[in-house]
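Just below is one structure, and these are the notes that go with it.
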Amino acid sequence: TTDEAAHAAWFTADSPATGLGLSIPANMVALDLDVPAALPVLEASLGPLPATVESRTPRGGEHRLFEITGAPARNTTSALCAGIDTRGPGGYIVVAPSPGYCWLPGQSPDEHPVEMLPDAWLAVLPRVDDTPAAPVDDGPDATPPPPDAETRALDFLRRAVERANL
């Protein structure tokens with residue numbers, strides 16, 4: 001239907017199962033911050049992210065949209081850092097007016113442009129053309145305990161810098 005009143009009614013508390021998904025195009029990446037407190041770990045190494053189109057999720061998370069150059073971003077779960085997922089082509093994020101989702105003031109797509117992801121972030125962004133390293137099997141007793149979020153982020157950054165020959 002083209003009835004705007006009907007559209008508005010779909011996204012009310014009376015229709016909690018109605019959601020709007022935004023499919024991510026090849027020239028964009030969505031950072032899905034399930035744990036926003038993890039972001040400062042990466043920003044300390046890669047620099048701050050610019051203000052861009054951003055929304056809040058029902059559980060206090062954030063969705064931030066950025067333009068990218070080069071190969072499309074891969075859809076990942078905690079590859080950059082524990083609690084930070086990436087969404088690229090074939091992935092999507094739920095956005096306002098879905099129940100529980102809202103654009104940050106001044107950062108809706110109508111109010112703010114989608115900004116370019118900074119170069120340092122582009123260098124470590126998982127891409128669809130990346131070939132993951134083959135897993136190493138050192139036997140069942142060689143598995144170390146899982147690292148904390150900061151250690152995982154720093155290890156990821158070291159590997160990315162090595163791949164980029166920086």
Side-chain angles (χ1 to χ4, degrees), residues 7-8 10-12 15-133 148-161 163-164:
H7 295 167
W10 292 343
F11 297 99
T12 66
S15 301
T18 303
L20 181 64
L22 175 65
S23 178
I24 307 300
N27 68 330
M28 291 178 67
V29 64
L31 296 183
D32 181 356
L33 309 173
D34 295 326
V35 182
L39 186 60
V41 174
L42 289 176
E43 287 186 315
S45 296
L46 300 173
L49 288 170
T52 189
V53 172
E54 183 177 347
S55 69
R56 290 275 187 259
T57 69
R59 294 186 182 146
E62 301 172 5
H63 291 155
R64 296 186 186 188
L65 297 170
F66 293 95
E67 284 191 50
I68 62 171
T69 57
R74 241 183 328 127
N75 294 302
T76 67
T77 302
S78 294
L80 286 175
C81 182
I84 299 179
D85 305 336
T86 60
R87 298 290 176 256
Y92 71 94
I93 57 172
V94 178
V95 297
S98 303
Y101 291 82
C102 63
W103 298 110
L104 268 68
Q107 291 180 266
S108 76
D110 293 328
E111 301 169 301
H112 201 288
V114 175
E115 296 294 340
M116 182 64 68
L117 190 66
D119 289 342
W121 286 79
L122 284 169
V124 299
L125 182 68
R127 305 294 187 119
V128 294
D129 63 353
D130 288 346
T131 304
D148 60 64
E150 183 174 354
T151 302
R152 287 188 65 215
L154 292 173
D155 287 344
F156 178 83
L157 291 172
R158 282 188 202 98
R159 289 191 306 272
V161 167
R163 279 197 319 262

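Computed from a prediction, not measured in an experiment: that's the story for all the values here.
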According to salt bridge (Lys or Arg N to Asp or Glu O under 4.0 Å), who are the partners of Arg87, at least two apart in sequence or on a separate chain? Asp85
Separation between OG of Ser78 and CD1 of Ile84, rounded to the nearest 0.5 Å: 8.5 Å
Nearest heavy-atom pair of Pro89 and Asn75: which atoms, and what distance? O-ND2, 3.1 Å
Taking atom CH2 of Trp103 and atom NE2 of His63, what is their separation to the nearest 0.5 Å? 9.5 Å
Please round to the nearest 0.5 Å and tell me the distance separating atom OG1 of Thr52 and atom CD of Gln107. 7.5 Å
Taking all atoms of both residues into account, what is the closest heavy-atom pair of Thr76 and Pro126, and its distance? CG2-CB, 3.8 Å
What residue among Val53, Val95, Leu31, Val29 forms side chain to side chain contact (heavy atoms under 4.5 Å, CB included) with Leu65? Val53
Once you round to the nearest 0.5 Å, how far does CZ of Arg74 lie from CG of Asp129? 9.5 Å
Walk me through it: do Arg127 and Leu122 pass the test side chain to side chain contact (heavy atoms under 4.5 Å, CB included)? CA-CA 9 Å; Arg127 305 294 187 119; Leu122 284 169; 3.3 Å; yes
Interatomic distance, OG1@Thr86 vs CZ@Phe66, rounded to 0.5 Å, equals 12.5 Å
Could you note down all residue pairs passing salt bridge (Lys or Arg N to Asp or Glu O under 4.0 Å) where residues 44-54 supplies at least one of them, sequence neighbours left out? Glu54-Arg56, Glu54-Arg64
With salt bridge (Lys or Arg N to Asp or Glu O under 4.0 Å) as the rule and sequence neighbours excluded, what pairs involving residues 20-40 come up? none
List in chain and number order the residues that pass side-chain hydrogen bond (donor to acceptor under 3.5 Å, both in side chains) with Thr57, two or more places apart in sequence or in another chain; answer none if no residue qualifies. none
Residue pairs passing the salt bridge (Lys or Arg N to Asp or Glu O under 4.0 Å) test with at least one member in residues 94-120, sequence neighbours excluded, are none
Closest approach of Pro36 and Glu62, non-hydrogen atoms and distance? CB-OE2, 3.7 Å
In this structure, CG of Leu117 is separated from CG of Leu49 (nearest 0.5 Å) by 6.5 Å
Atom pairs and distances, donor-acceptor, side-chain atoms in residues 19-27, under 3.5 Å, two or more places apart:
none

Please report the C-alpha distance between Trp121 and Glu43 in whole Å, then the side-chain angles of each, then the deciding distance to 0.1 Å, and finally whether the side chain to side chain contact (heavy atoms under 4.5 Å, CB included) criterion is met. CA-CA 9 Å; Trp121 286 79; Glu43 287 186 315; 3.8 Å; yes
